[in-house]
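Chain naming here is simple, since letters A, B, ... match the order of the sequence lines and numbering starts at 1 in each.
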2 protein chains.
Amino acid sequence: MVVTSGHTVAGDDMDDANPVGPPPKRKPITARELARLMGVSQSAVSRAFTPGTSISPQLRQRILRAAAELDYHPNAIASMLSTRRSNIAGIVVSEMQNPFYPTLIEKLSRELQRVGLQSLMFNITRGSNIEEQLVALRKYNVDAVVVVSATVLSGASLRWATEGRAAVLVNRTIPDQTLTSVSCDNVEGARAIADHFHAIGRRQVAYVGGLPHTSTNLERQNAFITRVAELGMTLTHTLSGGEYSYEAGYRAALEIGQAKRTDAVFFANDILAIGGFDAFKDGLGLLVPEDIAVAGFDDVDMTRWPRYSLTTFRQPVDAIIERTVSLIIEQLSNEDFSPSQNPLSGELLIRHSTVGGRGLEKIGLPLPPQEQR
Amino acid sequence: MVVTSGHTVAGDDMDDANPVGPPPKRKPITARELARLMGVSQSAVSRAFTPGTSISPQLRQRILRAAAELDYHPNAIASMLSTRRSNIAGIVVSEMQNPFYPTLIEKLSRELQRVGLQSLMFNITRGSNIEEQLVALRKYNVDAVVVVSATVLSGASLRWATEGRAAVLVNRTIPDQTLTSVSCDNVEGARAIADHFHAIGRRQVAYVGGLPHTSTNLERQNAFITRVAELGMTLTHTLSGGEYSYEAGYRAALEIGQAKRTDAVFFANDILAIGGFDAFKDGLGLLVPEDIAVAGFDDVDMTRWPRYSLTTFRQPVDAIIERTVSLIIEQLSNEDFSPSQNPLSGELLIRHSTVGGRGLEKIGLPLPPQEQR
DNA sequence: TTGAAAGCGGTACCAA
DNA sequence: TTGGTACCGCTTTCAA
């Protein structure tokens with residue numbers, strides 16, 4: 001870990017990497033100028049732009065009209081300084097290979113926008129200087145921090161970075177649960193997959209994980225293994241892809257398929273599963289799901305492609321975002337707010353990768369959308 | 001368009017959507033306090049944190065050490081106010097269904113970080129209030145704006161939003177070219193695809209576009225059509241998917257395939273192409289590339305999946321980012337900077353979707369990676 | 001309701 | 001090299 005005992009080494013603030021050159025630009029009109037031009041006080045201008053302040057509707061209208069005329073907009077920086085609120089949420093993201101996350105982040109930032117928070121992105125990647133990013137997070141005085149599955153951050157650095165501000169971890173937890181987190185209920189999901197495998201008569205099952213030490217992976221893996229045991233099924237493999245990638249899934253599937261004693265595989269996410277699917281089908285010539293059933297997790301767009309029609313556990317993206325934003329707002333308004341863990345229910349989507357042919361009708365389930373065309 | 005004549009309607013700044021509640025938090029230590037504690041001047045503290053200022057190494061060290069001790073970090077907001085530089089780049093993004101963009105944006109924001117610019121995201125979508133976002137862009141005083149293929153913005157609003165600041169349009173241009181843009185050379189790419197189709201003996205070709213009125217789409221379409229004519233090939237279809245999606249590609253391919261007079265199709269991006277590929281193969285039972293060759297554009301990860309092995313024109317992502325960042329820096333430092341258009345060379349990647357079986361060897365090309373395993 | 005003035009936490013110029 | 005001080009542009013008392 002880079003952040004030690006809540007402090008940071010001395011030299012670190014120096015390398016500010018100023019993006020060069022001469023300072024400002026042609027300056028826009030200020031509230032004072034506008035006020036002078038209109039013969040009112042600068043405070044009046046400020047009030048005109050602040051809902052709920054005591055100013056006569058007439059004056060406010062005059063001012064707003066003049067402002068529009070002169071293209072005046074209150075300088076957000078200046079008001080940040082005096083209000084000590086930035087109206088900015090820092091979004092800490094790491095690896096985004098999984099298409100699930102770009103989607104989530106886009107929606108999240110849109111929702112945050114809706115409640116008046118702009119999103120400042122902090123990319124935390126193996127490559128980048130992590131501590132520098134955390135320091136930046138604090139210097140920019142963000143009101144809130146949303147950490148989206150940043151596996152590379154320790155609990156200690158997370159606490160330091162989020163200290164004194166609203167914070168939510170999405171799809172990630174820290175062991176001591178001192179930070180509030182919102183996530184898909186991984187245990188529910190993994191159990192549902194195990195139950196489904198059992199229901200369709202599979203008994204020799206395998207698990208393929210992604211990044212081994214992430215809470216997401218561990219929760220899914222443990223819940224799956226436990227449920228598999230409860231149901232009396234045999235766990236033939238517990239593999240780790242090492243990353244959440246197509247290639248990792250492909251490789252793991254080759255290993256499992258060649259051993260020929262597995263009839264259902266739960267991949268920790270959809271990308272792994274799709275890689276596995278292709279490996280089984282094209283690489284090994286197996287039939288999916290007849291020879292081997294494949295299930296993923298997340299429900300990314302690709303799972304609905306006819307080619308795959310992948311059974312998966314849908315993460316409740318909208319609910320996750322909604323809860324995240326409301327928890328942020330709550331923390332922003334409540335002095336005393338205690339951290340909570342918020343596992344949110346997802347949904348098992350049964351498709352052709354586990355129930356082939358007309359099997360879906362047989363068990364009375366609706367056809368996946370692409371079959372209804 | 002929402003922004004009219006560079007102005008904005010009066011009421012608009014009011015709905016600031018303040019994310020609620022009591023203002024501040026427990027305040028961190030300030031430079032003045034630190035200075036007082038150390039018995040030095042507040043200016044000294046400022047200097048200690050500003051590279052290239054005249055301060056003795058000893059004093060600087062003392063101050064930095066003390067700062068680390070007390071967990072002092074300069075308040076970025078305050079310095080923004082006095083320097084009139086935010087060290088923030090606004091990234092304007094719109095629809096991100098195309099996996100090409102999340103990747104690009106992640107890399108871009110990382111590069112911007114490297115030169116000291118944090119990325120503030122502005123989601124511009126049909127759903128969101130576009131003008132509000134542009135106003136926010138100005139209020140936050142971002143130093144630079146990078147517009148990533150925001151198709152929904154008119155040239156006028158773009159100029160208004162970027163006025164007086166460094167700006168680069170990525171993969172997008174505006175007709176009058178008053179804004180500098182960096183993009184993949186679409187003309188080169190489309191011609192390369194046409195040439196390739198011709199080289200592999202195809203003569204009945206089709207084009208499937210995405211969002212019809214985007215500069216990207218138009219450039220690719222026109223260049224392709226022109227080249228096809230030059231080569232004496234027949235253009236059997238010019239379709240517009242209406243959007244860059246798998247489904248759109250799928251639908252377009254069904255139409256083309258059923259007409260049975262096309263032997264090669266250029267899809268305006270990879271996602272369309274992959275949808276088309278599946279439609280040809282699974283939907284219509286055609287052989288790709290024997291019956292019909294398929295080419296895309298972008299080179300997203302999925303094109304390399306063995307299942308698809310899609311011939312595509314690779315966008316020079318790294319070069320695009322590098323150029324974008326350097327143009328930003330240039331604009332930041334140069335008073336007089338004139339807008340330029342920067343089409344960057346990409347690369348045709350020939351894979352199995354146009355040259356099947358051992359065809360790649362026959363024409364002396366390297367095998368795609370997945371074949372080398 | 002309105003105006004005057006004191007911050008908010010830095011930067012930068014000036015004099016010492 | 002240092003310290004003193006006038007801003008940066010807005011918010012927020014406090015009086016009027």
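Distance CG (B:Leu81) to C1' (C:dG9): 9 Å, rounded to an integer number of Å. Between the CD atom of A:Gln61 and the P atom of C:dT1 there is a distance of 15 Å, rounded to whole Å. Taking atom CG on B:Asn75 and atom P on C:dG7, their separation rounds to 18 Å, with Å as the unit. The interatomic distance linking A:Gln58 (CD) with C:dT1 (P) rounds to 10 Å, in whole Å. Following rounding to the nearest Å, A:Gln42 (CD) and D:dT13 (C1') show an atom-to-atom distance of 14 Å. Rounded to whole Å, atom P of C:dC8 lies 14 Å from atom CG of A:Asn141. Taking atom CD1 on B:Ile63 and atom P on D:dT1, their separation rounds to 14 Å, with Å as the unit. Remark: C1' of D:dC10 and NE2 of A:His73 are 16 Å apart, rounded to the nearest angstrom.
Taking side-chain N and O atoms only, B:Ser56 has a distance below 4.0 Å to OP1 or OP2 of D:dT2. For the OP1/OP2 pair of C:dG9 and a distance below 4.0 Å, the side-chain nitrogens and oxygens of A:Arg84 include at least one atom meeting the criterion. Between B:Ser43 and the phosphate of D:dG4, there is no side-chain N or O to OP1/OP2 separation shorter than 4.0 Å.
Side-chain atoms of A:Thr162 do not come within 3.5 Å of backbone N or O of A:Arg165 as any donor-acceptor pair. Using a distance-only test at 3.5 Å, with no hydrogens or angles considered, a donor-acceptor pair links the side chain of A:Gln113 to the main chain of B:Asn123. Here the side chain of B:Ser181 pairs no donor or acceptor atom with the backbone of B:Gln177 at under 3.5 angstrom.
Nearest to the side chain of B:Thr83, among C:dA12, C:dT2, D:dT2, sits C:dA12. Checking C:dG9, D:dT11, C:dG3 against the side-chain heavy atoms of A:Arg47 singles out C:dG3 as nearest. Out of C:dG10, D:dG3, C:dA5, the shortest distance to the side chain of B:Ser41 is found at D:dG3.
By the side chain to side chain contact (heavy atoms under 4.5 Å, CB included) test, B:Ser119 is found to be paired with A:Met121, B:Ile91, B:Ser109, B:Leu112, residues two or more places apart in sequence or in another chain being considered.
Residue-level contact check: B:Ser79 touches the backbone only, with heavy atoms under 4.0 Å from sugar-phosphate atoms and none from bases. Within the nucleic acid shown, A:Ile77 has no heavy atom closer than 4.0 Å to any nucleic acid atom.
Position along DNA chain D of the nearest nucleotide to B:Ala44 versus B:Ser82 favours B:Ala44 as the more 5'-ward residue.
By the 4.0 Å N-to-carboxylate-O rule, A:Arg36 lies too far from A:Glu33 to be salt-bridged with it. Electrostatic pairing of B:Glu163 and B:Arg159 does not count as a salt bridge here, judged by no charged N lying under 4.0 Å from a carboxylate O. Ion pair B:Asp318/B:Lys107 flagged as a salt bridge, since at least one NZ, NE, NH1 or NH2 atom sits closer than 4.0 Å to an Asp/Glu carboxylate oxygen.
Less than 4.0 Å separates DNA chain D from at least one heavy atom of each of the following residues of residues 29-40 of chain B: B:Val40.
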